[in-house]
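Encoded as structure tokens, the structure appears first; notes follow it.
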Amino acid sequence: MLNIENLTVSVDDKTILKGLNLNVPAGEVHAIMGPNGAGKSTLGYTLAGRPNYEVTQGAVDFNGEDLLEKDVHERAAAGLYLSFQYPLEIPGVPAMTFIRTALNAQRKLRGEEEMSAPEFLKTIRDVAKTLKIDMDMLKRPLNVGFSGGEKKRMEVLQMALLQPKFLILDETDSGLDIDALKVVSDGVNALRSDDRGMLVITHYQRLLDHIKPDRIHILVDGRIVHSGGPELALELEAHGYDRYVNEAA
Amino acid sequence: MAAVKETIETVQKLETYAHGFVTDIETEYAPKGLNADIVRFISAKKNEPQWMLDYRLAAFERWQSMDEPDWAKVHYQKVDYQDLYYYAAPKPKPKLNSLDEVDPELLAVYAKLGIPLKEQEVLAGVATAPKYAVDAVFDSVSVVTTFKDELKKSGVIFCSISEALREHPELVKEYLGSVVPVSDNYFAALNAAVFSDGSFVYVPPGVRCPMELSTYFRINAENTGQFERTLIIADKGAYVSYLEGCTAPMRDENQLHAAVVELVALEDASIKYSTVQNWYPGDAEGKGGIYNFVTKRADCRGARSKVSWTQVETGSAVTWKYPSCILRGDDSVGEFYSIAVTNGMQQADTGTKMIHLGKNTRSRIISKGVSAGKSSNTYRGLVSAHARAGGARNFTQCDSLLIGKTCAAHTVPYVESDTASAQFEHEATTTRLSEDQLFYAMQRGLSQEEAVALLVNGFVREVLQELPMEFAVEAQKLLAISLEGSVG
Ligand SMILES: Nc1ncnc2c1ncn2[C@@H]1O[C@H](COP(=O)(O)OP(=O)(O)OP(=O)(O)O)[C@@H](O)[C@H]1O
Ligand SMILES: [Mg+2]
């Protein structure tokens with residue numbers, strides 16, 4: 001589904017990803033762990049097509065297509081979703097309006113019909129309920145004045161509505177209280193399916209208790225230095241990254 | 001690559017202003033140039049009473065002694081006033097009994113204009129059309145006026161100024177020039193001398209006008225300066241909401257527009273005046289486009305009267321416009337809500353004046369400026385309180401949004417107070433459209449242009465909410481169109 005080969009990326013002339021290889025087949029959930037500044041968010045931004053993230057080498061194949069050739073919104077319409085580590089505030093645009101505009105923009109790009117207002121309202125109501133988000137909150141400008149945890153929940157709400165094919169969750173667990181972690185994880189798990197892939201970036205084992213990954217990769221200094229099964233997270237929790245950081249150096 | 005294709009398409013779109021077409025309706029011109037005889041010609045054409053001719057001639061004399069103002073932050077090629085036509089009217093046709101008899105070419109113009117909302121249907125006489133009274137100003141003479149009868153039932157007079165001069169001379173005589181006197185400024189004097197037509201509204205005491213009144217201004221004939229004159233009077237306790245919309249076809253030479261709008265609100269009366277202006281702004285190099293030098297002023301003459309100006313300015317090459325309120329009556333209220341968008345080489349110098357003369361008068365100014373391309377966008381506002389205006393209050397909020405790095409925004413607030421008890425508050429912000437917000441919105445599936453439009457709509461939301469519902473929808477679309485191609 002997503003195949004990354006030798007990806008090298010620089011931002012403002014600084015090389016951050018240095019020949020990264022990763023393959024996530026459809027139906028699988030892969031976790032990425034690694035020390036601060038290793039390049040985890042950079043990977044997410046690059047896949048999403050953030051301007052100024054210059055790919056100097058490598059290729060990314062997404063469902064048989066060259067992902068890097070596409071514009072940001074085309075990648076989104078193709079089913080790529082990035083849950084931001086730091087979601088942006090959008091002043092003056094009610095969350096509901098934002099999401100509906102996004103949904104219909106994607107549909108238009110895919111040549112599908114727009115979702116009608118009543119259908120959208122019903123859908124968002126249901127999703128908000130399962131994520132324990134108050135409808136009043138959706139009338140406020142998106143993320144403006146929202147708490148850290150509320151912003152993360154909004155990311156998952158958008159994800160649930162947009163129904164993407166490939167999900168990148170960048171520290172979606174940070175800032176969530178224990179109950180919210182459960183609710184959000186349930187929301188993510190509900191999206192697990194044979195034709196979806198997920199890349200879960202996290203620092204903590206506790207998220208992986210809820211969202212069980214098929215594989216775990218350790219990203220250090222712009223490369224995947226080690227990969228393993230779910231047990232790897234426990235080992236990291238016990239011993240930290242020292243071993244891998246030293247190996248990479 | 002997709003981005004390249006999109007850029008090409010955007011440029012092509014910019015080159016063809018959607019409303020750039022010329023209609024071939026036979027035009028009756030006054031000879032080119034301006035002198036006392038032209039003024040007499042215009043007055044005679046309209047069968048005006050002697051006092052009106054005298055008024056015009058006095059204004060013309062006054063205008064000759066005045067100099068064109070140069071204090072605004074706009075630069076333009078000076079207008080050669082002798083090289084313009086001051087009168088052009090579609091050839092008079094026999095009186096129309098129904099809309100079917102309207103010149104099909106004129107209707108085609110409305111169709112091409114994609115006249116916003118349902119006015120097009122109204123003009124076409126569609127039975128299910130909503131209730132809008134449309135006084136369509138085609139070049140200089142009102143061609144169609146609808147819903148007159150229904151308005152008549154409630155006692156509301158809504159007609160062209162020329163008709164008002166014939167049917168209600170006493171009202172016109174009493175109020176014309178009472179808010180914007182001939183001597184007010186250069187363009188107002190010019191307008192008073194040569195105005196060709198415009199709208200007249202009178203709402204009798206205690207009457208709430210049963211529908212939104214709406215006018216479409218349109219500049220058509222080549223080299224025709226437009227000198228519209230609008231006069232709206234809300235008598236004691238009356239209410240009226242008036243919508244003004246504009247579009248002009250593409251033209252290579254700059255066209256002058258110097259309108260005068262006068263609003264009079266008597267005791268407890270309330271007037272809401274909304275404008276959506278999308279005249280041709282000129283091409284990407286700034287060639288062509290409309291010069292818009294308009295004088296709009298409201299007189300809150302009676303106690304507890306209220307006037308609210310809402311404007312969405314997206315067009316014109318040069319805009320010079322300050323809808324103002326004279327808060328004469330005690331406890332009267334003035335409001336100004338403005339969105340001014342400039343792109344390409346456009347220049348806008350706009351704002352408001354709130355003149356507090358009465359006690360406990362209140363005013364509120366919300367101005368949102370959006371600048372893109374190489375444009376310049378200036379807010380210029382004056383808030384003043386007379387010695388008698390104890391307890392006067394004003395709140396002003398001016399926000400500027402910059403798109404790209406080559407545009408400019410300026411805020412020039414003037415405050416004058418002769419009373420210690422006046423409370424004036426001013427807040428101003430300037431922000432640049434954030435790349436990160438754009439990326440975020442695009443990650444959710446919006447194209448760059450859709451993302452810009454959404455963020456800009458968010459920025460101006462407070463003002464959009466002041467517009468009548470259907471106008472707001474139209475305004476949103478206009479914002480998107482006028483900002484096409486504004487980002488990288
Ligand atoms: N514009 C920039 N110029 C130079 N360096 C940058 C720029 N943007 C990011 N970096 C650097 O790139 C590196 C990787 O950043 P990234 O955000 O991908 O790390 P991360 O693995 O997500 O870390 P964390 O766990 O803290 O979220 C960091 O050292 C960061 O300082
Ligand atoms: Mg990160």
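Owing to the predicted nature of the structure, the values given are computational and were not obtained by experimental measurement. Chain naming here is simple, since letters A, B, ... match the order of the sequence lines and numbering starts at 1 in each.
- Counting heavy atoms of neighbouring residues, nucleotides and ligands inside a 6.0 Å radius, atom CD of A:E113 does not exceed 12 of them.
- More than 12 heavy atoms of other residues, nucleotides or ligands sit less than 6.0 Å from atom CZ of B:R461.
- Minimum heavy-atom separation, B:L446 to A:A102: CD1-CA, 3.4 Å.
- Within a 6.0 Å radius of NZ in A:K18, more than 12 heavy atoms belonging to other residues, nucleotides or ligands are found.
- Atom CG in A:N143 sits 10.5 Å away from atom CD in B:Q437 (nearest 0.5 Å).
- The part of B:E450 that comes within reach of chain A is its side chain, from C-beta onward, which places non-hydrogen atoms under 4.5 angstrom from that chain.
- Contact annotation for A:I99: neither backbone nor side-chain heavy atoms come within less than 4.5 Å of a heavy atom of chain B.
- We find the OG1-CG distance between A:T97 and B:L454 to be 8.0 Å, quoted to the nearest 0.5 Å.
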(request) In sequence, state the C-alpha distance, the side-chain angles, and the governing distance for B:R444 and A:E155, and then conclude on salt bridge (charged side-chain N to carboxylate O under 4.0 Å, His left out). (result) CA-CA 10 Å; B:R444 299 297 137 94; A:E155 293 292 282; 2.9 Å; yes

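- Residue contact with chain A, scored on non-hydrogen atoms closer than 4.5 Å, is absent for B:A451.
- The CD atom of B:Q443 sits 10.0 Å away from the CZ atom of A:R75 when rounded to the nearest 0.5 Å.
- Atom NZ of A:K151 is surrounded by more than 12 heavy atoms from other residues, nucleotides or ligands within 6.0 Å.
- Contact detail for B:G445 and A:A105: the closest heavy-atom pair is O-CB, 3.4 Å.
- Listed in order of number, the residues of residues 79-91 of chain A that approach chain B to under 4.5 Å between heavy atoms are A:L80, A:Y81, A:L82, A:S83, A:F84, A:P87, A:L88, A:E89, A:I90, A:P91.
- In this structure, chain A has heavy atoms under 4.5 Å from both the backbone and the side chain of B:Y440.
- For the pair A:R50 and B:D436, the minimum side-chain heavy-atom distance is below 4.5 Å.
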